[in-house]
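If you're wondering where the values come from, they're calculated on a predicted model, not measured in any experiment.
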Amino acid sequence: QVQLVESGGGSVQAGGSLRLSCAASEYTYSTYYMGWFRQAPGKEREEVACISTGDRIAYADSVKGRFTISRDNAKNTLYLQMNSLNLEDTAMYYCAAERSYKGSWFCSLRGYEYNNWGQGTQVTVSS
């Protein structure tokens, strides 16, 4: 079971940027595909982005062109660079991990496919 710890959240004005990090405890981190998800108050959790063990990437339409997911296997860390933030990006952001048995190309934007979750980091965008 991999433990995940997010950091980097905070308050930012619309149009600003933040970089989230997710540190993984597992030394076999490189064998996990990873994802970012978010949940705003009163709303369901929604997908943000995912990255496979082979660095194949997928984004939700709502963040394409603004957010960038990346991973550093040497540091056991997942990142989410968020640019051009808007009010609708306000949410608790969670990273998730799942051991990959489906090939280096596979990652998922479906939360139910992940069994390992961090505690979340809050992102608040103000006007």
- salt bridge (charged side-chain N to carboxylate O under 4.0 Å, His left out) with Lys64: which residues, sequence neighbours excluded? Asp61

- Message: Are Phe67 and Leu85 packed together at the side-chain level, in the sense that at least one heavy-atom pair is separated by less than 4.5 angstrom?
- Response: yes

- Query: Charged N to carboxylate O below 4.0 Å: is that the case for Glu113 and Lys102?
  - Reply: yes

- Item | Side chain to side chain, Trp36 and Leu78, heavy atoms closer than 4.5 Å | yes

- Compare all side-chain heavy atoms of Gln39 with those of Tyr93 and state whether any distance is below 4.5 angstrom. no

- Criterion ring pair (Phe, Tyr, Trp, His ring centres under 6.0 Å) on Tyr33 and Phe106, from CA distance to verdict: CA-CA 7 Å; Tyr33 61 85; Phe106 182 83; 5.1 Å; yes

- Query: Can you name the nearest heavy-atom pair linking Ser62 to Arg66, along with the distance?
  - Reply: O-NH2, 2.9 Å

- Item | Neighbour count >12 (heavy atoms, 6.0 Å) for atom CD, Gln3 | no

- Query: Do you know which of Glu6, Glu44, Glu46 makes salt bridge (Lys or Arg N to Asp or Glu O under 4.0 Å) with Arg38?
  - Reply: Glu46

- Flag for Ser17-Asn83: side-chain donor and acceptor within less than 3.5 Å: yes

- Query: Below 4.5 Å, heavy atoms only, C-beta onward: do Thr77 and Arg71 meet side chain to side chain?
  - Reply: no

- Task: Identify, with sequence neighbours excluded, every residue that meets side chain to side chain contact (heavy atoms under 4.5 Å, CB included) alongside Thr124.
- Result: Ser11, Thr90, Gln122

- Note on the structure: Nearest heavy-atom approach of Ser127 to Gln13 is O-NE2, 4.3 Å

Throw together a table of side-chain donor-acceptor distances under 3.5 angstrom for residues 48-60, partners on residues two or more places apart or in other chains.
unit_1, atom_1, unit_2, atom_2, d
Ser52, OG, Gly54, N, 3.2
Ser52, OG, Asp55, N, 3.3
Ser52, OG, Arg56, N, 2.8
Ser52, OG, Ser104, O, 2.5
Arg56, NH1, Trp105, O, 3.4
Tyr59, OH, Ile69, N, 3.0

- Message: Can you confirm whether Val12 sits close enough to Met82 that some side-chain heavy atom of one is under 4.5 Å from a side-chain heavy atom of the other?
- Response: no

- Are any of the side-chain heavy atoms of Leu80 and Thr68 separated by less than 4.5 Å? no

- Correct closest heavy-atom pair for Tyr32 and Val2 would be CE2-CG1, 3.8 Å

